[in-house]
Amino acid sequence: MKDLFRAYSGSWFKGFLILLSGTLILFFCLVFAGLILWPDPHSLIQALTSEEILFAIWLSLTTSLVSTGICAIVALPVAYALSRYRFFSSGLMGLIISLPLSLPPLVAGIALLIFFGPSVFGTFLQDIGIDIVYTTTAIIVAQFFVNVPYLIRVMRSAFDSVNPRYEHVARTLGASESGVFFQVSLPMSRQALLAGLTITWSKAMGEFGAVLLLAGATRMKTETLPIALYLNIATGDLDLAIASATILLVISVVTLLIFEHWFGTRRII
Amino acid sequence: MPLEIRFLSKTLGDFHLRDVNLTIKDNEYFIILGPSGAGKTILLETIAGIHCPDAGSILLDGVDITNVPARMRNIGMVYQDYMLFPHLTIEKNIGFGLKQQGLSGELIHKSVQEISELLGISHLLQRSPDTLSGGEQQRVALARALVIRPRVLLLDEPLSALDAITRRKMRNKLARLPSLTGISIIHITHHAEDLISLGHRSAVMDGGFIVQVGHPDEIFQNPKTPFVAAFTGMENLFSGVARESHEGKIIVAESVRIHAVSSLNGPVLFGIRSEDLIFSREPLKSSARNVLKATVTKIRIMGSLAWVMVDCGLSLTGVLTIQSLFDLKIDDGDTVYITFKASAVTVFPADE
């Protein structure tokens with residue numbers, strides 16, 4: 001009797017958990033499907049091919065690719081240094097690269113705004129004729145600032161997982177420090193690099209808070225896809241807002257698939 | 001004298017090297033024996049130039065290379081787990097060192113072919129490391145280290161990851177390398193068996209110190225410390241008190257009197273090899289000074305040998321062939337006589 005009860009309570013519990021998971025998945029699917037199905041297909045296509053959305057796509061693509069490139073150039077050496085060497089600021093650096101996990105991008109945005117705006121440095125830049133705030137460059141700066149810690153984090157954990165003995169062997173075979181990095185450590189972390197770059201790019205495409213504060217939301221000037229979504233929802237232009245949202249959603253799904261493909265079930269963030 | 005190590009010390013985490021002095025001769029196959037954690041791998045890595053020593057110096061052909069970077073030392077290293085670059089083919093793995101020297105692709109290809117034929121791995125060149133067996137991976141790792149013609153080759157536990165048959169084959173191959181290639185080899189291991197079967201000059205390492213250097217026979221016959229004795233398989237180790245008597249040197253342990261040959265007096269440690277114990281049913285009349293009456297407590301049969309544990313006040317372990325065990329009809333609880341020579345007792349000062 002007791003055993004029977006245990007078996008029943010076991011399957012009851014299991015059934016409940018599976019039902020709960022199923023309901024949640026259904027809820028997610030309904031919400032996203034609802035978004036795409038809300039406007040009639042004709043006006044969605046029209047919105048997607050409107051000048052404003054095409055501009056937003058183009059601006060988002062170029063800025064995110066440039067910022068991802070800069071992220072890679074900076075993050076790779078820094079991540080390698082953090083993984084392999086102990087130096088005076090490595091502990092502090094470890095904290096800093098964890099910060100964006102909890103820091104709202106809006107806060108990063110306002111800090112950047114002060115730094116490039118009224119601060120001594122910002123005033124100096126303006127004096128020598130470099131304007132960052134409310135320009136296309138600001139978009140790249142904001143995306144870089146928010147994303148580079150992520151990429152450093154991903155790459156550091158990738159470098160950490162390369163057994164240093166591979167590098168020792170390479171050195172006994174005559175490889176220089178940079179030779180070891182380019183011929184052993186980096187190629188052995190190739191998968192993490194590809195996955196990291198994909199997720200960095202996707203985050204850059206979707207970056208809103210920091211971009212809004214540093215680059216502003218000027219129609220047809222600093223209007224990336226998330227900004228387009230924001231501007232059009234503010235003016236009640238639902239079709240255009242949903243068009244940008246749809247593109248962002250598709251990018252997220254594709255990124256996720258690529259990430260899962262390269263990284264499988266390994267969790268690195 | 002290709003390699004001289006002088007007063008080398010290094011601390012790395014929990015591992016230490018303490019005042020290591022070693023000289024490796026030309027074409028020598030030198031074995032360093034020690035338990036895990038003795039600092040063997042650190043020693044190799046410091047010789048290779050991976051770590052900078054805290055103190056001491058390393059000389060190669062009379063030139064101080066203590067501060068020369070690893071890539072310019074011309075000292076090769078093969079790790080226990082081979083460390084083949086997983087993103088490169090076998091050919092690229094072996095050619096890695098030549099590529100660093102900026103040689104032409106054609107020249108690299110030729111050298112890789114040569115060394116691969118020597119080691120019997122030519123058929124593997126286009127494969128990827130993860131498709132190779134342990135023995136194949138090891139030969140590739142050796143080829144990769146040898147192809148740049150190092151002055152000294154360091155082998156970190158080269159045999160312990162292999163199965164018994166491959167291990168025996170590989171051991172013979174390795175032993176021939178110095179005469180075949182003209183390099184010196186340092187081989188570290190925690191198997192005393194490697195010491196016996198390779199049979200070259202060896203050192204025993206413990207707690208970061210080199211505790212004994214010599215030929216394996218010498219190390220086995222005449223261990224300098226109780227650690228070396230225990231590590232080289234001396235089963236019977238006891239502490240006792242040594243003193244002179246009218247019968248010569250006597251060691252008293254647990255009220256058992258043992259005859260020994262030693263100049264030591266007072267508290268000592270002493271050991272007797274299992275194979276030096278002679279078993280008999282009746283007291284033996286012989287020149288051997290020690291005859292002890294004992295009770296058999298346990299018999300453990302392994303292959304053609306039987307390990308017999310007896311209690312004579314001390315718990316001794318002896319080894320017999322199965323044939324002798326049956327001839328003597330020795331069984332649990334039987335009374336037997338144990339005979340061994342005074343000179344079979346190795347005595348150490350009990351300073352630790």
Side-chain angles (χ1 to χ4, degrees), chain A residues 72 76-77 79-88 90-91 94 154-198 258-259 261-266 268, chain B residues 12-13 41-42 44-52 65 68-89 92-103 108 129-130 137 140-157:
Chain A
L76 283 176
Y80 190 67
L82 286 174
S83 167
R84 285 293 180 269
Y85 312 127
R86 294 279 155 267
F87 49 97
F88 68 98
S90 60
V154 171
M155 289 319 294
R156 183 174 71 163
S157 94
F159 290 138
D160 280 346
S161 67
V162 173
N163 189 335
R165 287 184 174 184
Y166 286 109
E167 300 177 359
H168 296 342
V169 168
R171 285 164 66 193
T172 65
L173 292 170
S176 61
E177 296 258 326
S178 60
V180 169
F181 176 75
F182 285 111
Q183 295 177 62
V184 178
S185 324
L186 193 57
M188 283 185 70
S189 311
R190 199 180 63 229
Q191 281 197 330
L193 178 64
L194 293 175
L197 287 177
T198 314
I258 294 176
F259 194 79
H261 174 71
W262 270 326
F263 250 139
T265 48
R266 276 169 61 199
I268 49 160
Chain B
L12 203 74
T41 302
I42 293 206
L44 288 199
E45 288 179 343
T46 309
I47 294 173
I50 307 300
H51 309 304
C52 196
I65 57 160
V68 173
R71 67 192 162 97
M72 296 164 160
R73 286 198 183 188
N74 206 14
I75 294 179
M77 175 131 187
V78 176
Y79 279 105
Q80 178 178 5
D81 24 16
Y82 320 127
M83 295 293 147
L84 300 182
F85 304 127
H87 58 290
L88 299 178
T89 61
K92 292 254 168 64
N93 259 284
I94 300 176
F96 189 91
L98 299 171
K99 193 179 160 206
Q100 309 308 313
Q101 298 170 6
L103 297 182
I108 295 177
D130 53 10
Q137 288 192 36
V140 173
L142 273 172
R144 182 176 64 178
L146 287 172
V147 77
I148 56 168
R149 306 192 173 282
R151 196 70 185 81
V152 180
L153 180 62
L154 310 173
L155 304 175
D156 178 8
E157 303 272 3

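Chain naming here is simple, since letters A, B, ... match the order of the sequence lines and numbering starts at 1 in each.
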| field | B:Ala145, part contacting chain A, at a heavy-atom distance under 4.5 Å | value |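 Just its backbone gets close to chain A.
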| message | Is B:Met72 close to chain A through its backbone or its side chain, or both, or neither, when contacts mean heavy atoms under 4.5 Å? | response | neither
| message | Would you compute the distance between atom CG of A:Leu173 and atom CG of B:Asn93 and round it to the nearest 0.5 angstrom? | response | 9.0 Å
| field | Inter-residue atom distance A:Arg171.CZ - B:Ile75.CD1, 0.5 Å rounding | value |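 With rounding to 0.5 Å, CZ (A:Arg171) is 13.0 Å from CD1 (B:Ile75).
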| said: Could you walk me through whether A:Val169 and B:Leu84 satisfy the side-chain contact (heavy atoms from CB on, under 4.5 Å) test, starting with their C-alpha distance in whole Å, then the side-chain angles of each, then the deciding distance to 0.1 Å, before giving a yes or no? | reply: CA-CA 9 Å; A:Val169 168; B:Leu84 300 182; over 6 Å; no
Over all heavy atoms of both residues, which pair between [X] and [Y] is shortest? Give the atoms and the distance, please.
X        : Y        : result
B:Arg71  : A:Ala175 : CD-O, 3.3 Å
B:Phe85  : A:Tyr166 : CE2-O, 3.4 Å
A:Arg165 : B:Asp81  : NH1-OD1, 3.8 Å

| request: Would you please name every residue forming a side-chain contact (heavy atoms from CB on, under 4.5 Å) with A:Pro164, sequence neighbours left out? | output: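 With neighbours one apart ignored, the set is A:His168.
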For residues 94-101 of chain B, which side-chain donor-acceptor pairs fall under 3.5 Å, sequence neighbours excluded?
residue, atom, partner, partner atom, Å
B:Gln100, OE1, A:Gln183, NE2, 3.1
B:Gln100, NE2, A:Gln183, OE1, 2.7
B:Gln100, NE2, B:Phe96, O, 3.2

